[in-house]
Amino acid sequence: MSEKTFPLSKTELEELSKTYPTPFYLYDEKAIRNNAREIIRAYGLFPGFKEHFAVKALPNPFILKILAAEGFGADCSSLPELLLAEMAGIKGGDIMFSSNNTPAAEYREARRLGAVINLDDFTHIEFMEKNAGIPELVSCRYNPGPLKSGNAIIGKPEEAKYGFTREQILAAYPLLRDKGAKRFALHTMVASNELSLDYHIETARMIFELAVEIKEKTGISMEFVNLGGGVGIPYRPEDKAVDYQGLAKGIETAYRSIIVPAGLAPLGVRIEWGRTVTGPHGWLVTRAIHAKNIYRNFIGLDACMADLMRPALYGAYHHITVPGKESETFTEIFDVTGSLCENNDKFAIRRTLPKIVPGDFVILHDAGAHGRAMGFNYNGKLRCGELLLRNNGSIVQIRRAETAEDYFSTLDRDALRDFNSSVR
Ligand SMILES: *Cc1c(COP(=O)(O)O)cnc(C)c1O
C-alpha cells in the first residue's frame with residue numbers, strides 16, 4: 001500500500017490559486033531531497049556511486065539544482081537537456097549523455113561539456129570519431145535482446161531500438177581502445193516503471209557478468225557500470241514502493257559473487273533514475289470546470305492531456321483526490337476529461353470518485369516525472385506552469401504557464417504581415 005498525500009490543504013490551495021490560477025504542477029522540495037538522500041543512503045555502498053538524474057523526467061533547472069545540491073548528476077539525451085544540466089551547474093563527468101540516433105552537433109556539445117558519452121550503436125564509434133573525436137572515457141549501451149524479458153512501457157529488448165548486441169559490444173571496446181579511448185564504461189536500460197526488485201537485480205547480474213566476459217575476452221576493464229533507470233513507482237494505492245535498501249543489497253550480493261571473485265572490484269556502479277526521484281513528489285493541480293451527463297458521466301478539468309499525457313499515451317493510472325472530500329464515500333463513477341479534441345483526452349476512465357462539482361480542486365498524483373515534460377501544443381493547447389513548495393513552506397514559480405504569444409513565437413510576424421498583404 002502507498003498512501004496518496006498532497007502537501008497543501010484546501011484552504012491553502014484556495015489562497016495559492018489567487019496568485020497562480022489552476023492548472024499548475026506543484027513539486028515538493030523537502031520530499032524530493034529526502035528521497036534523494038534515501039537513494040544515496042542505499043546505493044552509497046557501491047564504489048564511485050553516482051545517480052545521474054534523467055533530465056527528461058523533469059527538465060527544470062530549479063529541480064536539477066536541488067538534485068545537484070544532494071550530489072546527483074544528470075542524464076541527458078538531447079542538446080537542450082545538456083544545456084539544462086549546464087544551467088544547473090552540473091559539470092563534466094557528472095553529466096551522462098545517453099542518447100540514441102544522435103545528431104553530430106549533440107556529440108560535439110556533449111564533448112564541449114566533458115559529459116560521459118554513452119554510445120547507442122556500433123556505427124556511432126566512427127560517427128563520433130569523425131564529428132567530435134574520441135574522448136578518453138567512453139560508455140556503450142548493451143541490449144541483451146532475447147536474453148532478457150522486457151516490460152510494458154519499453155517492450156521486449158529484442159524489439160527495442162536501443163543499444164549494441166552482445167557481439168557488437170565485445171568488438172566495440174577493442175576498437176575504441178585502438179582509436180585512443182583509455183577508460184570504459186558499460187550501460188544498460190531494459191525496463192521502464194518496473195516495481196520488481198528481482199527484475200532489477202537480474203539486470204545488474206547480467207551486466208556484471210558481461211563486464212567479466214569483456215575483461216576475459218578483450219582484457220579491457222570497465223571503470224563503472226550504469227544500470228540505467230526504469231525503477232517503478234507505486235502509481236496505484238495498492239502498489240508497493242520499491243525498497244531501495246533491499247534493491248541495493250540484492251545488487252551488492254550479485255556484485256560480491258560476480259565482480260569481486262573476478263578481480264574487477266572496485267568497479268563503479270551508477271544509475272540514471274528519473275521517475276523514482278521526482279515522480280511521487282509532484283502533482284498536477286486542476287479544477288473541475290464542467291460536469292456533463294450523457295451516456296456516461298464526465299467531469300471536465302481545466303487541464304488536458306497536453307499537460308499530462310501518460311493516461312492517454314499508455315493507459316497509465318494516476319490517482320485522483322479531491323481536496324476537502326478525502327473522507328467522503330466514493331459514490332460516483334466518472335470519466336475525468338480535458339478539453340482537447342481527441343476522445344482519449346481522459347485522465348481516468350470509469351473511476352470511482354466522490355461527488356465532484358465544478359469549482360472543486362482535483363489533484364492528479366504522481367505527476368512529478370514524465371508529466372509536464374511530455375506536454376505538447378496540439379490543438380492550440382497551452383501547457384501549464386510549475387510551482388515549487390520550498391523547504392520553508394514558501395512557493396516559488398519555477399516555470400510560468402504558456403501564453404498564446406508563446407504559441408505564436410516561432411511565427412515570423414513581419415513575414416506574415418508582408419505575406420498577408422501580398423495574397424489576393
Ligand atoms: C528515460 C531514461 C531514463 C530514466 O528512466 P526512468 O524510468 O524515469 O527512471 C534513464 N536513462 C535513459 C537512457 C532513459 O532514456
- Item | side chain to side chain contact (heavy atoms under 4.5 Å, CB included) evaluation trace for Phe184 with Glu223 | CA-CA 6 Å; Phe184 305 91; Glu223 184 168 310; over 6 Å; no

Salt-bridge test for [X] and [Y]: reply yes if a basic N is under 4.0 Å from a carboxylate O, no otherwise.
X	Y	answer
Arg383	Glu402	yes
Asp302	Arg287	no
Arg417	Asp414	yes
Glu272	Lys56	no
Asp335	Arg350	no
Glu136	Lys182	no
Glu252	Lys249	no
Glu70	Arg37	yes

Less than 4.5 Å apart, side chain to side chain, heavy atoms only: is that true for [X] and [Y]?
X	Y	result
Leu170	Glu167	no
Arg399	Phe62	no
Arg41	Tyr244	no
Thr286	Phe347	no
Thr188	Pro144	yes
Leu195	Val242	yes
Pro23	Val285	no

Discussion item. For Phe24 together with Trp283, are the ring centres under 6.0 Å from each other?
Written reply: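 So the answer is no for these two rings.
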
Quiz item: Do the two ring centres, one from Phe53 and one from Phe72, sit under 6.0 Å apart?
Solution: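 That pair fails the under 6.0 Å test.
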
Q: Report yes or no: is the cationic atom of Arg351 (NZ for Lys, CZ for Arg) under 6.0 Å from the centre of the six-membered ring of Phe334, at an angle within 45° of the ring normal?
A: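 The answer is no, since Arg351 fails at least one limit relative to Phe334.
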
I want to check a possible cation-pi pair here: Arg141 against Phe164, using under 6.0 Å from ring centre and within 45° of the ring axis as the test.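 Verdict for Phe164: no cation-pi partner in Arg141.
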
task: Check whether any side-chain N or O of Glu12 sits under 3.5 Å from a backbone N or O of Ser9 as a donor-acceptor pair, and report yes or no.
output: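 Here the side-chain-to-backbone pair exists.
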
(Q) Using a 3.5 Å distance criterion without hydrogens, assess whether the side chain of Tyr25 forms a donor-acceptor pair with backbone atoms of Arg372. (A)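 Yes: the side chain of Tyr25 pairs with the backbone of Arg372.
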
What do you reckon, is CG of Asn101 surrounded by more than 12 foreign heavy atoms closer than 6.0 Å?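 12 or below, so no.
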
- Item | Option from Lys4, His365, Arg310 for which side-chain contact (heavy atoms from CB on, under 4.5 Å) with Tyr235 holds |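 Among Lys4, His365, Arg310, the one meeting side-chain contact (heavy atoms from CB on, under 4.5 Å) with Tyr235 is Arg310.
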
* Asked: CG/Asp28 to CG/Leu388 distance, rounded to the nearest 0.5 angstrom?
  ->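 Here the rounded value is 8.0 Å.
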
Note to self: Rounded at 0.5 Å granularity, tell me how far CZ in Arg33 sits from CG in Asn391.
What the structure shows: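 Answer rounded to 0.5 Å: 5.5 Å.
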
message = Run His187 and Asn118 through side-chain hydrogen bond (donor to acceptor under 3.5 Å, both in side chains) and show every step you take.
response = CA-CA 7 Å; His187 171 280; Asn118 184 32; 3.2 Å; yes

Exercise for the section: Could you pull out the closest heavy-atom pair between Leu364 and Ile320, with the gap in Å? Expected result: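 Smallest interatomic distance, heavy atoms only, reads CD2-CG1, 3.7 Å.
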
Requested in this report: Check step by step if side chain to side chain contact (heavy atoms under 4.5 Å, CB included) holds for Ile395 and Arg390.
Outcome: CA-CA 6 Å; Ile395 302 256; Arg390 300 294 320 265; over 6 Å; no

**Request:** I would like to know whether Arg205 and Glu202 meet side chain to side chain contact (heavy atoms under 4.5 Å, CB included); could you show each step before the answer?
**Result:** CA-CA 5 Å; Arg205 182 174 291 280; Glu202 211 29 66; 3.7 Å; yes

(message) Let's go through Arg236 and His319 carefully: what are the C-alpha distance in whole Å and the side-chain angles of both, what is the deciding distance for side-chain hydrogen bond (donor to acceptor under 3.5 Å, both in side chains) to 0.1 Å, and is it a yes or a no?
(response) CA-CA 6 Å; Arg236 294 172 185 269; His319 196 67; over 6 Å; no

* Asked: Using a distance-only test with no angle check, is there a side-chain donor-acceptor pair under 3.5 angstrom linking Arg275 and Ser192?
  ->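 Yes - a donor-acceptor pair under 3.5 Å links their side chains.
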
### Message
Would Tyr142 and Arg166 count as a side-chain hydrogen bond (donor to acceptor under 3.5 Å, both in side chains) here? Give the steps.
### Response
CA-CA 7 Å; Tyr142 175 54; Arg166 192 172 196 81; 2.7 Å; yes

| request: Go through Ile90 and Leu113 one step at a time and tell me if the side chain to side chain contact (heavy atoms under 4.5 Å, CB included) criterion holds. | output: CA-CA 9 Å; Ile90 302 173; Leu113 292 169; over 6 Å; no

